[in-house]
Trainee: 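Please read through the structure below; I'll follow up with questions.
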Amino acid sequence: MKRRWKIPGWNLGNKNGPHKDGPQQPSLLSEKKNVDLPQYGQKQWQSYFGRTFDVYTKLWKFQQQHRQVLDNRYGLKRWQIGEIASKIGQLYYHYYLRTSETSYLNEAFSFYSAIRQRSYYSQVNKEDRPELVVKKLRYYARFIVVCLLLNKMDVVKDLVKELSDEIEDYTHRFNTEDQVEWNLVLQEVAAFIEADPVMVLNDDNTIVITSNRLSETGAPLLEQGMIVGQLALADALIIGNCNNQVKFSELTIDMFRMLQALEREPMNLASQMNKPGMQESTEKPARRENPHKYLLYKPTFSQLYTFLAASFKELPANSVLLIYLSATGVFPSGRSDSEGPYDFGGVLTNSNRDVINGDAIHKRNQSYKEMHCLHPGDLYPFTRKPLFIIVDSSNSVAYKNFTNLFGQPLVCLLSPTAYPKALQDQSQRGSLFTLFLNNPLMAFLFVSGLSSMRRGLWEKCQDYLRKINRDIAQLLTHSRSIDQSFLQFFGDEFLRLLLTRFIFCSATMRMHKIFRETRNYPESYPQLPRDETVENPHLQKHILELASILDVRNVFLENTLDDY
């Protein structure tokens with residue numbers, strides 16, 4: 001089987017397979033205290049993190065207060081100070097992974113930036129010790145991950161150039177076995193930052209960095225008279241298992257985009273907590289801002305089920321569990337006399353034994369179901385609580401054959417199973433369906449054949465798209481035939497935005513001239529009333545008006561409108 005690279009040294013202390021909480025990083029606790037904390041569960045880890053924060057805070061203050069003595073008598077080196085700062089940055093980053101509070105990313109960024117600005121690692125290259133240079137390279141890789149998550153692309157580009165120079169110097173001076181892997185790190189981060197298919201440009205042709213996290217004006221507001229449920233999105237599993245998709249540090253581009261769609265814009269943590277790692281460092285901000293998330297990169301079935309069960313167990317009352325699956329499709333082999341929840345295939349889970357080519361998995365015995373697959377029936381036990389599922393796969397329609405056994409709110413948003421040939425060569429840069437859920441305007445520009453746009457026009461189109469979202473919200477809440485599950489979820493801002501973007505995506509594809517096959521369209525369980533949502537003449541008119549603003553109206557069909 002083709003070997004998956006990992007950032008060298010990023011899996012220290014983890015004996016139980018790949019990291020499940022997202023980008024792979026060394027466990028600080030495993031390195032220092034040999035404590036193997038489970039990656040799932042939201043409570044038991046806090047005391048360990050709190051004590052570790054306290055230790056490093058005291059260490060940081062100690063070196064500040066006694067710097068002259070440490071320098072003169074004990075030969076304290078600047079890279080050693082940098083290591084302490086780097087560990088504190090790692091702790092904040094891991095705190096973000098554990099809590100999903102984006103404010104901790106800003107704290108991690110502050111420490112990593114200080115290391116760079118104060119050149120703590122500048123003298124490392126003068127010492128003939130490759131392990132010290134690797135510490136520096138790992139620092140750069142971790143800093144890049146944090147900057148990617150904060151959309152600081154200008155900093156990322158500078159860091160990539162510096163990392164490239166450092167790797168070149170490292171490989172020239174030391175003949176080590178990890179040279180190829182570090183070069184792969186560079187290649188993958190370069191591909192990651194170029195994954196967006198459309199550039200937004202300032203007047204001086206510099207690239208505008210756009211954020212796709214939820215802002216105060218992001219989700220359409222609930223207007224008076226809209227009757228919706230009071231459920232809140234509390235937990236999300238974001239699962240990535242697509243072959244050959246752009247990734248960096250065990251975070252595929254689809255996972256990255258969905259992660260941002262489920263977060264609010266970061267705010268400065270300084271006003272809420274002491275800096276850095278003080279006694280209150282384990283306290284949460286006053287109001288929980290984001291749903292808790294698990295990031296699972298190529299999990300096995302047992303890993304996926306373990307995390308799913310943990311999320312289900314800890315889900316609060318009146319809360320929703322979201323499952324996002326971006327994965328290779330697994331198709332049933334041969335025909336089955338029955339049409340049960342294990343007869344339509346599903347999506348791939350990881351196995352070290354199978355060799356996978358393309359989307360099909362060939363089983364040795366066709367009379368058995370594929371075991372390395374998440375079948376729709378595998379999710380049935382978890383429909384005892386409100387469940388919101390998004391499947392982006394070539395076999396997403398397998399999840400259309402769901403049955404709501406327990407009467408709880410249940411919705412599945414399903415991607416097209418195939419795209420027109422003109423768009424298929426973009427699959428390595430992420431799925432079009434997920435792009436619509438993350439950045440609908442960029443996806444709209446892409447299917448319209450546009451690759452760049454001026455900032456002023458971009459902002460004008462964003463304003464118009466907000467109007468479209470408001471009208472979609474009204475269509476949904478005023479519908480007389482829509483399944484109540486959609487309305488039960490509509491009270492949550494994140495789910496409301498995902499639902500309106502899904503309808504916009506589906507309506508756009510149905511009007512587009514090259515999306516002419518049924519398999520080119522998204523579907524849902526339960527089915528939406530088409531004439532009131534995705535094929536509503538009022539919404540179709542809006543899409544044509546947006547196309548007119550962009551001068552791409554010729555890309556869309558107009559004879560679908562009764563008014564034309």
Trainee: If you apply the rule ring-ring contact (aromatic ring centres under 6.0 Å, His included), what do you find for Phe109 with Phe143, and how did you get there?
Mentor: CA-CA 7 Å; Phe109 177 82; Phe143 194 6; 5.7 Å; yes

Trainee: Could you tell me whether Glu263 and Arg213 make a salt bridge, using a distance below 4.0 angstrom between a side-chain N and a carboxylate O?
Mentor: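 Between Arg213 and Glu263 there is a salt bridge, with a charged N closer than 4.0 Å to a carboxylate O.
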
Trainee: To the nearest 0.5 angstrom, please state how far the CG atom of Leu457 sits from the CG atom of Leu550.
Mentor: 5.5 Å

Trainee: Might you point out which heavy atoms bring Glu101 and Tyr96 nearest each other, and give the distance in Å?
Mentor: O-CD1, 3.4 Å

Trainee: So, for Tyr112 and Tyr93, is the gap between ring centers shorter than 6.0 Å?
Mentor: no

Trainee: So do Leu497 and Pro220 actually touch side chain to side chain, heavy atoms under 4.5 Å?
Mentor: yes

Trainee: Could you tell me whether a side-chain N or O of His375 sits under 3.5 Å from a main-chain N or O of Glu370, the two making a donor and an acceptor?
Mentor: yes

Trainee: Between Cys412 and Tyr399, which heavy-atom pair has the shortest distance, and what is it?
Mentor: SG-O, 4.1 Å

Trainee: Looking only at non-hydrogen atoms, find the nearest pair between Asn395 and Gly345 and report the distance.
Mentor: ND2-C, 3.7 Å

Trainee: Would the distance check show the side chain of Thr99 and the main-chain N or O of Tyr95 forming a donor-acceptor pair, the cut-off being under 3.5 Å?
Mentor: yes

Trainee: Look at the side chain of Ser431 and the backbone N and O of Phe433, then say whether any donor-acceptor pair between them is shorter than 3.5 Å.
Mentor: yes

Trainee: Checking the side chain of Arg384 only, and the main-chain atoms of Pro381 only, is there a donor and an acceptor separated by less than 3.5 Å?
Mentor: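 Yes.
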
Trainee: With the side chain counted from C-beta on, respond yes when Asn290 and Leu214 share a heavy-atom pair under 4.5 Å apart, and no when they do not.
Mentor: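 No. Closest side-chain heavy atoms not under 4.5 Å.
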
Trainee: Any non-hydrogen side-chain atom of Asp235 less than 4.5 Å from a side-chain atom of Glu314?
Mentor: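 Asp235 vs Glu314: side chains apart.
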
Trainee: Pick one: which of Ser485, Ser481, Ser479 meets side chain to side chain donor-acceptor pair (under 3.5 Å) with Asp483?
Mentor: Ser485

Trainee: What do the steps show when you test Asn438 against Gln260 for side chain to side chain contact (heavy atoms under 4.5 Å, CB included), and what is the final call?
Mentor: CA-CA 7 Å; Asn438 165 260; Gln260 299 217 330; 4.2 Å; yes

Trainee: Report yes if some heavy atom in the side chain of Ile253 is under 4.5 Å from a heavy atom in the side chain of Phe248; otherwise report no.
Mentor: no

Trainee: Could you check Leu539 against Asp471 for side chain to side chain contact (heavy atoms under 4.5 Å, CB included), going step by step and ending with a plain yes or no?
Mentor: CA-CA 8 Å; Leu539 175 56; Asp471 286 356; over 6 Å; no

Trainee: How long is the straight-line distance from CZ of Phe256 back to CG of Leu295, given to the nearest 0.5 Å?
Mentor: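 These two atoms lie 11.5 Å from each other.
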
Trainee: Mind checking whether Phe502 and Phe436 have ring centres under 6.0 Å apart?
Mentor: no

Trainee: Under 3.5 Å, is there a donor-acceptor pair between the side chain of His292 and the main chain of Arg98?
Mentor: yes

Trainee: Tell me whether Arg466 is salt-bridged to Asp463, with the criterion being a basic N under 4.0 Å from an acidic carboxylate O.
Mentor: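 Yes.
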
Trainee: Of Leu262, Leu387, Val411, Leu237, which is the lone residue that meets side chain to side chain contact (heavy atoms under 4.5 Å, CB included) with Leu322?
Mentor: Leu262

Trainee: Please confirm whether the backbone N or O of Thr417 pairs with a side-chain atom of Ser396, one donor and one acceptor, at under 3.5 Å?
Mentor: no

Trainee: Where the side chain of Asn350 meets the backbone of Lys298, is there a donor-acceptor pair that is under 3.5 Å apart?
Mentor: yes

Trainee: Could you tell me whether the side chain of Asn151 and the main chain of Ser211 form a donor-acceptor pair under 3.5 Å?
Mentor: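 Answer holds: no.
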
Trainee: Does Gln462 have more than 12 heavy atoms from other residues, nucleotides or ligands lying within 6.0 Å of its CD?
Mentor: yes

Trainee: Would you find more than 12 non-hydrogen atoms of other residues, nucleotides or ligands less than 6.0 Å from Asn554 atom CG?
Mentor: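 Counting other residues, nucleotides and ligands, CG of Asn554 exceeds 12 neighbours.
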
Trainee: For the residue pair Leu201 and Asn205, what are the closest heavy atoms and their distance?
Mentor: CD2-O, 3.7 Å

Trainee: Taking only residues two or more places apart in sequence or in another chain, which ones pass side-chain hydrogen bond (donor to acceptor under 3.5 Å, both in side chains) with Thr434?
Mentor: Tyr324, Asp392

Trainee: So, does Thr328 use its side chain to make a donor-acceptor pair with the main chain of Cys242 at under 3.5 Å?
Mentor: no

Trainee: Hey, does Tyr521 have a side-chain heavy atom less than 4.5 Å from the side chain of Val534?
Mentor: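 Not in contact.
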
Trainee: Where is the tightest heavy-atom contact between Leu487 and Thr477, given as atom of each residue plus distance?
Mentor: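 Nearest pair, atom of Leu487 first, then Thr477: CD2-CA, 4.0 Å.
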
Trainee: Are any of the side-chain heavy atoms of Phe515 and Thr508 separated by less than 4.5 Å?
Mentor: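 No, their side chains stay 4.5 Å or more apart.
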
Trainee: Within a reach of under 6.0 Å around CG of Asn202, are more than 12 heavy atoms found that belong to other residues, nucleotides or ligands?
Mentor: yes

Trainee: Any chance CZ of Arg530 has more than 12 other-residue heavy atoms, nucleotides or ligands included, within less than 6.0 Å?
Mentor: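 Incorrect, the count does not exceed 12.
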
Trainee: Any chance NZ of Lys313 has more than 12 other-residue heavy atoms, nucleotides or ligands included, within less than 6.0 Å?
Mentor: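 Counting other residues, nucleotides and ligands, NZ of Lys313 stays at 12 neighbours or fewer.
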
Trainee: Should Thr403 and Tyr380 count as side-chain neighbours, where that means a heavy-atom distance under 4.5 Å?
Mentor: yes

Trainee: Between NZ of Lys152 and CD1 of Ile209, what distance do you get to the nearest 0.5 Å?
Mentor: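 Going from NZ on Lys152 over to CD1 on Ile209, the span is 11.0 Å.
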
Trainee: Using a strict cut-off of less than 4.0 Å between a Lys/Arg side-chain nitrogen and an Asp/Glu carboxylate oxygen, indicate whether Arg480 and Glu532 qualify as a salt bridge.
Mentor: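 The answer is no: the pair does not qualify as a salt bridge.
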
Trainee: To the nearest 0.5 Å, tell me how far Leu528 CG sits from Leu413 CG.
Mentor: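 If we round to the nearest 0.5 Å, Leu528:CG and Leu413:CG are 8.0 Å apart.
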
Trainee: Calculate, to the nearest 0.5 Å, the distance between atoms SG and CZ belonging to Cys373 and Phe344 respectively.
Mentor: 13.0 Å

Trainee: Quick one: do Asp196 and Arg257 make a salt bridge, cutoff under 4.0 Å?
Mentor: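 Answer for the salt bridge query: yes.
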
Trainee: Apply salt bridge (charged side-chain N to carboxylate O under 4.0 Å, His left out) to Lys400 and list each qualifying residue two or more places apart in sequence or on a separate chain.
Mentor: Glu523

Trainee: Taking the side chain as every heavy atom from C-beta outward, state whether Leu321 and Lys385 have any atom pair closer than 4.5 Å.
Mentor: no

Trainee: Output, in order, the C-alpha distance, side-chain angles, deciding distance and verdict of side chain to side chain contact (heavy atoms under 4.5 Å, CB included) for Phe556 and Leu546.
Mentor: CA-CA 11 Å; Phe556 297 92; Leu546 179 60; over 6 Å; no

Trainee: Walk me through whether Leu251 and Tyr297 qualify under side chain to side chain contact (heavy atoms under 4.5 Å, CB included).
Mentor: CA-CA 7 Å; Leu251 189 69; Tyr297 175 71; over 6 Å; no

Trainee: Can you check whether Asn439's main-chain N or O pairs, donor with acceptor, with Asn212's side chain at less than 3.5 Å?
Mentor: no

Trainee: Return the orientation label for the Tyr104 and Tyr92 ring planes: parallel under 30°, perpendicular over 60°, tilted otherwise.
Mentor: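 Aromatic pair Tyr104/Tyr92 classed parallel.
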
Trainee: Answer with yes or no whether the side chains of Arg553 and Ser548 bring together a donor and an acceptor at under 3.5 Å.
Mentor: yes

Trainee: Begin with the C-alpha distance, continue with both residues' side-chain angles, and end with the deciding distance and a verdict on ring-ring contact (aromatic ring centres under 6.0 Å, His included) for Phe504 and Phe444.
Mentor: CA-CA 9 Å; Phe504 174 74; Phe444 189 88; 5.8 Å; yes

Trainee: Compare every heavy atom of Gly240 with every heavy atom of Thr252, then report the nearest pair and how far apart it is.
Mentor: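 Scanning both residues completely, I find the closest heavy atoms to be OG1-CA, 4.4 Å.
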
Trainee: Got a second to check how far Met255's CE is from Asn241's CG, nearest 0.5 Å?
Mentor: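 Reported to 0.5 Å precision, the distance equals 10.0 Å.
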
